[in-house]
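Here the structure comes first, spelled out in structure tokens, and everything after it is commentary.
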2 protein chains.
Amino acid sequence: MDGKPYHHGDLRSALFVAAEAELTDRGIESFSLRSVAKRAGVSHAAPAHHFGDTNGLLTALASEGFTRFQETLDAREVGATDARDRAVRAGFGYLEFAMARPTLFRLIFSSVRPDFASPDLIAAANRAYDHLVGLVTALGGHEADVIALWATSHGIADLAAGQRMRTLQGKSPAEREAMLRTVLLRCLPDQDPEFSKIPARSL
Amino acid sequence: MDGKPYHHGDLRSALFVAAEAELTDRGIESFSLRSVAKRAGVSHAAPAHHFGDTNGLLTALASEGFTRFQETLDAREVGATDARDRAVRAGFGYLEFAMARPTLFRLIFSSVRPDFASPDLIAAANRAYDHLVGLVTALGGHEADVIALWATSHGIADLAAGQRMRTLQGKSPAEREAMLRTVLLRCLPDQDPEFSKIPARSL
DNA sequence: GCCTGATCTGGTCACTGTCAAGATTAAATT
DNA sequence: AATTTAATCTTGACAGTGACCAGATCAGGC
């Protein structure tokens, strides 16, 4: 009956949830701090105390986004038969994340608004990058192979997130992944017998 | 001495030029119609008569952007020794454009603001896509090969445009392209003797 | 019980996109 | 040539935005 208490109690989390919803509803380019505040049921200036300015909130969202991104890849990698299969599955996860959360994908990989000097964001991004390097190292690959795997996975995922590749839209998830598999296998370094028997492990 | 005439004469072009400058200066996410008008020296509502709303202007910019994009690829392809070399050079052009005009690149490939139902924009985008298909067809490739070449070129270009791939930033243009060459050659379909001797032609 | 500091509100300012009404001028019509 | 028509451009308004500030509220330490 008391309406609302003056202090929310856990406004930071509430704002974070509201911000994620706003981001998926309206996209980055019309993301609004005031809308987030309204959604969370607080005054328009409340978010400033927890995230600084708008970019601060987007930076926090981006850190979380990188973590979610990596979780999606991890989930897809379980059950991989070898290092090669694991890298391909990671590519599936990349594409899955981009299609399931296109705006979050954009925030992470395309937006200039998150502050990429933020330690949290740097750490989250580095975790994902190190994981990628681990995948390629387990295949006996090197720098060029990292670039090849990353670029191809990212390219498909980005084009899919932006719905720019019509060829991909007409396909079922299974067809998409079959296509992606052939493309990715071509990108990976040649099978090195010394590595092919080692089970895939995270770096 | 007459100050400015009431009618600009060629305001549409002037706004277009100003809009391009504003886009590169401030990026898509803080692109402002009023700023464009100010830059062109007209009132804040003048652009509406030529481009409708803000998205209309961005749509026009995107059409032009696709054309410029294709021109960059074309310029790089001259002097190619064979179809294979030509596809690789197109990839160089892709990356070059992304690094030289990152915001225009983003407008074309990542933004939701241009109206992709616009006939002009569709036509410009299709021209670029058809050209890509032509490159792959000249190699004897098919759908999966189109996806492979596009995804890899796009992936590197997009990551470079967003400065997300640190490995790439430390390199000279020559080093970057050497790296890209090895990656792209791996993506292309196996050399088909029937096609390898046919000089590269546009579709 | 009081005080300090964190949390949250409400107000304000400059800026934004869009709309409507009017001023100016070019082009078409008669 | 005179007049009507239509396009161009300006001015003013409104709601929404991010950022800033002063003040209200309240939790926890003293």
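This is a predicted model, so every value here is computed, not measured.
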Given atom [atom1] of [X] and atom [atom2] of [N], what is their separation to the nearest angstrom?
X: A:Leu57; N: D:dG18; atom1: CG; atom2: C1'; result: 13 Å
X: A:His44; N: C:dC13; atom1: NE2; atom2: C1'; result: 11 Å
X: B:Arg34; N: D:dT11; atom1: CZ; atom2: C1'; result: 11 Å
X: B:Asp10; N: C:dA26; atom1: CG; atom2: C1'; result: 15 Å
X: B:His50; N: C:dT18; atom1: NE2; atom2: P; result: 16 Å
X: A:Phe51; N: C:dC8; atom1: CZ; atom2: C1'; result: 15 Å
X: B:His49; N: D:dT10; atom1: NE2; atom2: C1'; result: 8 Å
X: A:Asp53; N: D:dT17; atom1: CG; atom2: P; result: 17 Å

Query raised in the report: Is the ring centre of B:Tyr129 less than 6.0 Å from the ring centre of B:Phe66?
Result: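 No: the rings miss the under 6.0 Å criterion.
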Query raised in the report: Is the centre of the B:His154 ring less than 6.0 Å from the centre of the B:Phe105 ring?
Result: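 Yes, the ring centres sit under 6.0 Å apart.
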Query raised in the report: Looking at A:Arg89, A:Arg76, A:Lys171, which hits salt bridge (Lys or Arg N to Asp or Glu O under 4.0 Å) with A:Glu177?
Result: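 Only one of A:Arg89, A:Arg76, A:Lys171 forms a salt bridge (Lys or Arg N to Asp or Glu O under 4.0 Å) with A:Glu177, namely A:Arg76.
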Requested in this report: Let me see the working for A:Phe92 and A:Phe97 under ring pair (Phe, Tyr, Trp, His ring centres under 6.0 Å), right down to the final yes or no.
Outcome: CA-CA 9 Å; A:Phe92 291 170; A:Phe97 183 82; over 10 Å; no
Report task. For the pair B:Arg164 and B:Asp158, find out whether any cationic side-chain nitrogen is under 4.0 Å from an anionic carboxylate oxygen. Result ->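 The answer is no: the pair does not qualify as a salt bridge.
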Query raised in the report: Can you name the closest pair of heavy atoms from B:Leu121 and B:Pro114 and give their distance?
Result: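 Nearest heavy atoms, B:Leu121 then B:Pro114: CD2-CB, 3.9 Å.
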Report task. Give me the residues of residues 11-31 of chain B where at least one heavy atom lies under 4.0 Å from an atom of DNA chain C, by number, or none. Result ->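 Result for residues 11-31 of chain B: B:Arg26, B:Phe31, sorted by number.
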Requested in this report: Say whether A:Ser111 and B:Glu29, considering side chains only, have a donor N or O and an acceptor N or O under 3.5 Å apart.
Outcome: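 Checked: A:Ser111/B:Glu29 side chains pair up, N/O donor to acceptor below 3.5 Å.
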Query raised in the report: Considering only D:dA19, D:dT8, C:dT18, which nucleotide approaches the side chain of A:Leu33 most closely?
Result: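 Nearest to the side chain of A:Leu33 among the choices is D:dA19.
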**Report entry** Among C:dG17, D:dT17, C:dC8, the one nearest B:Thr54 by side-chain distance
**Finding:**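 Taking heavy atoms from C-beta onward, the closest nucleotide is C:dG17.
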Query raised in the report: Which comes earlier along DNA chain D counting from the 5' end, the contact point of A:Ala45 or that of B:Ala46, where each point is its nearest nucleotide?
Result: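 Looking at DNA chain D, the more 5' nearest nucleotide goes with B:Ala46.
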Query raised in the report: Taking only N and O in the side chain of B:Ser32, is any of them less than 4.0 Å away from OP1 or OP2 of C:dC15?
Result: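 Negative; the distance criterion is not met.
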